[in-house]
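No hydrogens, no waters, no symmetry mates; every other heavy atom, side chains included, goes into these values.
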Amino acid sequence: MFYTNNSVPTENSTLYTAPIVLNKTMQIKYMIKDNTTTKYGIIKHEITGKNRNRTIYPTISFNGTALSLVFPENVYYTVNGKMPTNKSTLYTSPIILDKNMIVKYLIVVNDTKYTGIVKHTPCKLVKKVQARKMKHKWVKQVIRELVPA
(Lines give C-alpha, C1' and ligand atoms only; values in the text may rest on other atoms or scores of the structure.)
Protein backbone atom coordinates (compact mmCIF):
# COMPACT_ATOMS: atom_id res chain seq x y z
CA MET A 1 0.00 0.00 0.00
CA PHE A 2 1.19 3.48 -0.89
CA TYR A 3 -0.34 6.63 0.60
CA THR A 4 -0.25 10.43 0.68
CA ASN A 5 -2.02 13.19 2.56
CA ASN A 6 -3.13 15.28 -0.41
CA SER A 7 -2.11 14.17 -3.89
CA VAL A 8 -3.08 11.02 -5.78
CA PRO A 9 -0.83 8.20 -4.52
CA THR A 10 1.59 6.45 -6.87
CA GLU A 11 4.31 3.85 -6.44
CA ASN A 12 6.60 6.76 -5.54
CA SER A 13 4.41 7.75 -2.56
CA THR A 14 5.04 6.70 1.04
CA LEU A 15 5.09 2.91 1.37
CA TYR A 16 3.03 1.53 4.27
CA THR A 17 5.36 -0.05 6.85
CA ALA A 18 3.53 0.46 10.16
CA PRO A 19 0.07 1.46 11.43
CA ILE A 20 -0.89 5.05 10.62
CA VAL A 21 -1.87 6.99 13.73
CA LEU A 22 -4.90 9.25 13.24
CA ASN A 23 -3.66 11.84 15.75
CA LYS A 24 -5.31 14.89 14.20
CA THR A 25 -8.01 15.88 11.76
CA MET A 26 -6.50 14.53 8.56
CA GLN A 27 -6.99 12.87 5.19
CA ILE A 28 -5.17 9.88 3.74
CA LYS A 29 -5.35 8.88 0.09
CA TYR A 30 -4.19 5.33 -0.59
CA MET A 31 -3.40 2.93 -3.40
CA ILE A 32 -3.34 -0.85 -2.94
CA LYS A 33 -1.75 -2.66 -5.85
CA ASP A 34 -1.46 -6.38 -6.45
CA ASN A 35 -0.61 -8.37 -9.57
CA THR A 36 -3.94 -7.74 -11.31
CA THR A 37 -5.75 -4.80 -9.72
CA THR A 38 -5.19 -1.38 -8.22
CA LYS A 39 -7.58 -0.05 -5.57
CA TYR A 40 -7.80 3.54 -4.44
CA GLY A 41 -9.55 5.20 -1.53
CA ILE A 42 -9.73 8.12 0.85
CA ILE A 43 -9.83 7.94 4.64
CA LYS A 44 -10.82 11.10 6.47
CA HIS A 45 -10.43 11.45 10.25
CA GLU A 46 -12.03 14.26 12.21
CA ILE A 47 -11.52 14.87 15.91
CA THR A 48 -14.80 16.12 17.37
CA GLY A 49 -16.06 17.19 20.77
CA LYS A 50 -14.60 19.48 23.41
CA ASN A 51 -11.72 17.27 24.58
CA ARG A 52 -9.12 17.61 21.84
CA ASN A 53 -6.03 17.25 24.05
CA ARG A 54 -5.64 13.50 23.99
CA THR A 55 -2.97 10.85 23.90
CA ILE A 56 -5.06 7.90 22.63
CA TYR A 57 -5.92 7.67 18.93
CA PRO A 58 -7.28 5.18 16.40
CA THR A 59 -4.94 3.75 13.77
CA ILE A 60 -5.21 2.46 10.20
CA SER A 61 -3.66 -0.95 9.69
CA PHE A 62 -2.93 -2.85 6.46
CA ASN A 63 -2.29 -6.61 6.48
CA GLY A 64 -1.26 -6.98 2.85
CA THR A 65 -4.79 -7.36 1.47
CA ALA A 66 -7.23 -5.38 3.66
CA LEU A 67 -7.35 -2.05 5.45
CA SER A 68 -8.74 -1.94 8.97
CA LEU A 69 -9.52 0.63 11.63
CA VAL A 70 -7.98 -0.25 15.00
CA PHE A 71 -8.88 1.33 18.33
CA PRO A 72 -7.41 1.14 21.83
CA GLU A 73 -9.48 -0.26 24.71
CA ASN A 74 -12.71 1.25 26.02
CA VAL A 75 -14.06 2.42 22.68
CA TYR A 76 -17.69 2.49 21.63
CA TYR A 77 -18.63 3.04 18.02
CA THR A 78 -21.47 3.23 15.50
CA VAL A 79 -21.69 2.79 11.74
CA ASN A 80 -25.30 4.02 11.46
CA GLY A 81 -24.54 7.76 11.53
CA LYS A 82 -25.50 8.27 15.17
CA MET A 83 -23.08 9.50 17.81
CA PRO A 84 -22.04 6.61 20.06
CA THR A 85 -22.77 6.34 23.77
CA ASN A 86 -21.58 3.90 26.40
CA LYS A 87 -24.47 1.68 25.27
CA SER A 88 -23.24 1.50 21.65
CA THR A 89 -21.19 -1.37 20.22
CA LEU A 90 -18.04 -1.97 22.27
CA TYR A 91 -14.95 -2.31 20.08
CA THR A 92 -13.44 -5.82 20.27
CA SER A 93 -11.63 -6.34 16.95
CA PRO A 94 -10.42 -4.37 13.88
CA ILE A 95 -13.11 -2.88 11.64
CA ILE A 96 -12.46 -3.83 8.00
CA LEU A 97 -12.61 -0.83 5.66
CA ASP A 98 -13.80 -2.49 2.46
CA LYS A 99 -16.77 -0.31 1.52
CA ASN A 100 -18.10 3.21 1.84
CA MET A 101 -18.61 3.72 5.57
CA ILE A 102 -18.65 6.24 8.40
CA VAL A 103 -17.46 5.14 11.83
CA LYS A 104 -18.21 7.45 14.74
CA TYR A 105 -16.35 6.63 17.94
CA LEU A 106 -16.25 7.42 21.64
CA ILE A 107 -13.06 6.72 23.62
CA VAL A 108 -13.49 6.71 27.40
CA VAL A 109 -10.38 7.14 29.58
CA ASN A 110 -10.62 7.88 33.32
CA ASP A 111 -14.14 9.32 32.89
CA THR A 112 -12.92 11.62 30.08
CA LYS A 113 -14.66 11.21 26.72
CA TYR A 114 -13.01 11.72 23.33
CA THR A 115 -14.98 11.57 20.09
CA GLY A 116 -14.22 11.43 16.40
CA ILE A 117 -15.34 10.32 12.97
CA VAL A 118 -13.54 8.15 10.42
CA LYS A 119 -14.92 8.17 6.87
CA HIS A 120 -13.77 5.61 4.31
CA THR A 121 -14.55 6.15 0.62
CA PRO A 122 -13.43 3.65 -2.05
CA CYS A 123 -12.41 5.61 -5.16
CA LYS A 124 -11.42 5.25 -8.76
CA LEU A 125 -8.66 7.09 -10.56
CA VAL A 126 -9.79 9.54 -13.22
CA LYS A 127 -7.50 11.23 -15.69
CA LYS A 128 -8.61 14.51 -17.22
CA VAL A 129 -6.91 16.53 -19.94
CA GLN A 130 -6.86 20.28 -19.51
CA ALA A 131 -5.60 22.82 -21.97
CA ARG A 132 -3.90 25.93 -20.61
CA LYS A 133 -2.35 28.86 -22.37
CA MET A 134 1.24 29.39 -21.31
CA LYS A 135 3.47 32.03 -22.85
CA HIS A 136 1.43 32.46 -26.03
CA LYS A 137 0.89 28.74 -26.71
CA TRP A 138 -1.59 26.11 -25.60
CA VAL A 139 -0.32 23.25 -23.45
CA LYS A 140 -2.21 20.06 -22.65
CA GLN A 141 -1.92 18.84 -19.10
CA VAL A 142 -3.14 15.50 -17.70
CA ILE A 143 -4.65 15.82 -14.24
CA ARG A 144 -5.13 12.73 -12.08
CA GLU A 145 -7.72 12.74 -9.31
CA LEU A 146 -9.62 10.31 -7.13
CA VAL A 147 -13.42 10.28 -7.28
CA PRO A 148 -15.86 8.13 -5.29
CA ALA A 149 -16.31 4.72 -6.94
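- Residues M31 and E11 have side chains in contact (heavy-atom distance under 4.5 Å, counting atoms from C-beta outward).
- Separating the OG atom in S7 from the CD atom in E145 is a distance of 13.0 Å, to the nearest 0.5 Å.
- Criterion: ILVMFWY side-chain heavy atoms under 4.5 Å apart, direct or through other members. Under it, L106 and L69 are not part of a common hydrophobic cluster.
- A donor-acceptor contact closer than 3.5 angstrom links the side chains of T65 and N63.
- With sequence neighbours left out, the side-chain contact (heavy atoms from CB on, under 4.5 Å) criterion links E73 to no other residue.
- At least one donor-acceptor pair closer than 3.5 Å links the side chain of T25 to the backbone N or O of I47.
- One hydrophobic cluster holds both I95 and Y16 under the rule that ILVMFWY side chains link at heavy-atom gaps under 4.5 Å.
- Atom CD of residue E46 and atom CD of residue Q27 lie 12.5 Å apart, to the nearest 0.5 angstrom.
- Side-chain contact between L146 and V126 is absent, with no heavy-atom pair separated by less than 4.5 Å.
- Applying the side-chain contact (heavy atoms from CB on, under 4.5 Å) rule to D111 yields no partners; only residues at least two apart in sequence or on another chain are considered.
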Check the pair T10 / R144 against side-chain contact (heavy atoms from CB on, under 4.5 Å), numbers first and verdict last. CA-CA 11 Å; T10 67; R144 298 165 23 107; 3.3 Å; yes
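- Looking only at side-chain heavy atoms (C-beta outward), L97 and I43 come within less than 4.5 Å of each other.
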Would you sort out whether Y40 and Y30 count as a ring pair (Phe, Tyr, Trp, His ring centres under 6.0 Å), showing the intermediate values? CA-CA 6 Å; Y40 294 92; Y30 68 85; 8.2 Å; no
Please evaluate residues I20 and M1 with respect to the criterion side-chain contact (heavy atoms from CB on, under 4.5 Å), reporting the C-alpha separation (whole Å), side-chain torsions for both, the decisive distance (0.1 Å), and the verdict. CA-CA 12 Å; I20 302 166; M1 178 177 93; 4.0 Å; yes
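- Placement of I60 and V8 in two distinct hydrophobic clusters is found when ILVMFWY residues are connected by side-chain heavy-atom separations under 4.5 Å, directly or transitively.
- Residues meeting the side-chain contact (heavy atoms from CB on, under 4.5 Å) test with I56, sequence neighbours left out: P72, I107, V109.
- We find the NZ-OG1 distance between K113 and T85 to be 8.0 Å, quoted to the nearest 0.5 Å.
- Hydrophobic clustering of Ile, Leu, Val, Met, Phe, Trp and Tyr side chains at less than 4.5 Å, counting indirect connections, keeps L125 apart from I28.
- With a 4.5 Å cut-off on side-chain heavy atoms, I32 and F2 do not count as touching.
- Side-chain contact between V79 and I102: absent, with no pair of heavy atoms (C-beta onward) separated by less than 4.5 Å.
- Taking 4.5 Å as the limit, every side-chain heavy atom of D98 sits out of range of all side-chain heavy atoms of L67.
- Minimum heavy-atom separation, Y3 to P9: CA-CB, 4.2 Å.
- In this structure, NZ on K82 lies 9.5 Å from OG on S88, to the nearest 0.5 angstrom.
- Shown here for I96 and A66, the closest heavy-atom pair between the two residues is CG2-CB, 4.5 Å.
- Between H45 atom NE2 and M26 atom CE the span is 8.5 Å, to the nearest 0.5 Å.
- The six-membered or imidazole ring of Y105 lies near that of F71, with a centre-to-centre distance under 6.0 Å.
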For Y91 and V70: C-alpha separation, side-chain torsions, deciding distance, then whether side-chain contact (heavy atoms from CB on, under 4.5 Å) applies. CA-CA 9 Å; Y91 173 82; V70 180; 3.6 Å; yes
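- K29 is not listed as a side-chain neighbour of N6, based on a closest heavy-atom distance of 4.5 Å or more.
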Can V147 and K124 be said to form a side-chain contact (heavy atoms from CB on, under 4.5 Å), step by step? CA-CA 6 Å; V147 297; K124 61 183 178 181; 3.7 Å; yes
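- Here the closest non-hydrogen pair linking Y57 and N23 is CD2-CA, 3.4 Å.
- With rounding to the nearest 0.5 angstrom, the NZ atom of K119 is 10.0 Å from the CG atom of N100.
- Annotation: side chain of I117 is in contact with side chain of T48 (closest heavy-atom distance under 4.5 Å).
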